[in-house]
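Here is the structure we will look at.
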Amino acid sequence: GNCIYVDKTDYFHRLVTAPGENLFFIARPRRFGKSLMITTFKYIFQGRRELFKGLKIDATDYDWKVHPVIYLNFGFCAASTYDGFMEGFPNTVKEALLDAGYEVIAAFTQPDKPSNRGMKLQPSPVKKLCEERGVPVYTPATFKDGVPTEQLKALAPDLVVTAAYGKLLPQSFLDVPPMGCINVHGSLLPKYRGAAPVQWAVLKGEKTTGVSVQYMVKGMDEGDVIASAETEIGEFETSGQLFDRLMVLGAELLVKTVASLEAGTAVAVKQDESQASYTTMLDKSMSPIDWSKTPREIVKHICGLDPWPAA
């Protein structure tokens with residue numbers, strides 16, 4: 001009929017079609033791998049087959065806790081955190097700066113935490129990368145005691161770079177580097193400030209989105225924007241796929257921005273507060289599909305919640 005039943009262990013490496021060339025929209029299995037019912041929507045392909053090449057159902061048990069990230073120097077420092085499928089972003093940013101010739105003097109990341117079935121302590125991907133590249137790593141459990149700020153003062157970076165940090169840094173920390181603290185954010189500010197900007201751009205059916213590099217201030221994503229880059233969102237592009245593209249775009253933009261700061265040619269533009277919007281964290285209560293919505297709204301709901309929490 002119009003549905004295909006897929007067990008959590010089954011992986012798709014081919015496009016599935018039904019009579020009439022209906023398009024199957026595929027959502028990932030829920031956490032811990034419950035089986036998934038995949039529903040078809042009567043959309044004609046219109047040349048969109050290439051979008052689904054290599055598509056697979058992934059039953060990975062995602063971890064959605066935050067992890068901080070990078071410190072660098074010509075001298076700079078960078079700090080970052082990320083969620084689940086976002087964990088490649090800080091490493092991408094860090095590697096881009098290293099490849100551009102900037103010296104990474106230290107990294108701030110989350111303390112090791114229990115993971116997998118054995119619940120053994122595991123370092124964050126950022127810590128692993130830093131250890132491989134010989135970069136000193138700091139793992140503060142909190143910024144409230146002032147210790148990370150004193151550590152930052154001792155490092156004496158010229159600039160702090162953050163990517164998807166997920167929480168506000170204290171003003172005392174932001175005041176340390178003479179060139180300030182800059183952040184790579186996954187939206188075209190002032191739109192979609194806060195958590196999960198990539199997912200919400202898909203959920204809201206935006207045609208375009210992008211990345212912004214901004215100065216960090218006390219308010220959430222309210223700093224002056226130094227640079228931005230825009231990209232189109234594919235009609236059937238998932239949040240995970242979009243994030244993969246944005247993290248590369250953001251890393252490239254950051255390298256250009258740092259170069260302009262170093263050269264003294266960067267121009268920061270104040271955000272238009274009248275255009276500001278804020279996002280919230282995703283949760284599993286958002287998963288149920290409202291079938292009274294339009295077909296496009298349903299599609300965007302499915303794509304926006306992929307890979308987590310899944311529609």
Side-chain angles (χ1 to χ4, degrees), residues 4 6 11-18 20-29 36 38-58 60 62 82-89 92-93 96 163-164 184-189 191-212 227-254 277 279 282 286-287 289-291 293-311:
I4 293 179
V6 183
Y11 284 80
F12 274 70
H13 293 282
R14 57 188 174 82
L15 183 64
V16 183
T17 62
E21 297 264 31
N22 291 341
L23 174 59
F24 287 85
F25 290 95
I26 299 180
R28 293 174 185 263
L36 171 70
I38 300 176
T39 306
T40 64
F41 293 88
K42 292 184 178 179
Y43 270 83
I44 304 302
F45 277 101
Q46 297 176 342
R48 296 193 180 98
R49 288 184 175 86
E50 71 279 2
L51 297 177
F52 294 85
K53 289 180 180 178
L55 184 64
K56 68 180 182 180
I57 300 291
D58 189 348
T60 302
Y62 289 95
Y82 48 92
D83 293 330
F85 69 91
M86 300 182 185
E87 64 186 26
F89 189 32
T92 301
V93 170
V184 186
H185 185 73
S187 77
L188 297 174
L189 291 170
K191 206 165 188 178
Y192 298 124
R193 292 173 175 174
V198 178
Q199 296 96 314
W200 279 106
V202 177
L203 286 167
K204 293 293 187 180
E206 297 285 357
K207 296 289 187 180
T208 63
T209 188
V211 290
S212 303
S228 60
E230 187 174 7
T231 185
E232 292 185 355
I233 301 175
E235 188 63 18
F236 303 106
E237 188 170 23
T238 67
S239 292
Q241 292 167 337
L242 179 58
F243 196 91
D244 287 344
R245 293 198 297 111
L246 290 183
M247 69 181 182
V248 175
L249 184 64
E252 293 173 349
L253 182 66
L254 175 63
S277 61
T279 63
L282 305 183
M286 301 173 63
S287 293
I289 296 172
D290 181 354
W291 297 103
K293 298 288 187 180
T294 67
R296 187 173 189 272
E297 287 174 331
I298 293 172
V299 169
K300 290 303 178 181
H301 181 83
I302 293 170
C303 291
L305 298 185
D306 185 328
W308 191 91

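The basis for the numbers below is simple: all heavy atoms, side chains too, and nothing from hydrogens, waters or symmetry mates. Just so it is clear, the model here is predicted, and its values are computed rather than measured.
Within the 4.5 Å cutoff, the side chain of Leu242 has heavy atoms near those of the Thr209 side chain. Put simply, the side chain of Thr208 reaches to within 4.5 Å of the side chain of Glu232, judged on heavy atoms. Within the 4.5 Å cutoff, side-chain heavy atoms of Met286 are placed close to those of Leu305. The closest side-chain heavy-atom distance from Ile302 to Ile289 is below 4.5 Å. Side-chain contact between His185 and Val211 is absent, with no heavy atoms from C-beta onward closer than 4.5 Å. Leu282 places a side-chain heavy atom less than 4.5 Å from the side chain of Leu203.
Side-chain atoms of His301 come within 3.5 Å of backbone atoms of Ser287 as a donor-acceptor pair (strictly under, hydrogens ignored). For the pair Lys300 (side chain) and Glu206 (backbone), a donor-acceptor distance under 3.5 Å is absent. One N or O on the side chain of Glu297 and one on the backbone of Thr294 form a donor-acceptor pair closer than 3.5 Å.
From Leu188, atom CG reaches atom OG of Ser212 across 5.0 Å, with rounding to the nearest 0.5 Å. To the nearest 0.5 Å, atoms OG1 (Thr238) and CD (Gln241) are separated by 3.5 Å. In this structure, CG in Leu246 is found 8.0 Å from CD1 in Ile233, a value given to the nearest 0.5 Å. For the atom pair SG of Cys303 and CD of Glu235, the computed distance is 8.0 Å after rounding to the nearest 0.5 Å.
Counted by atom type alone, Arg193 and Thr279 present zero donor-acceptor pairs between their side chains at under 3.5 Å.
Taking every heavy atom of both residues into account, Tyr192 and Ala201 meet most closely at CE1-CA, 4.0 Å. Listed here is the closest heavy atom pair of Arg296 and Gly205: NH2-O, 3.3 Å.
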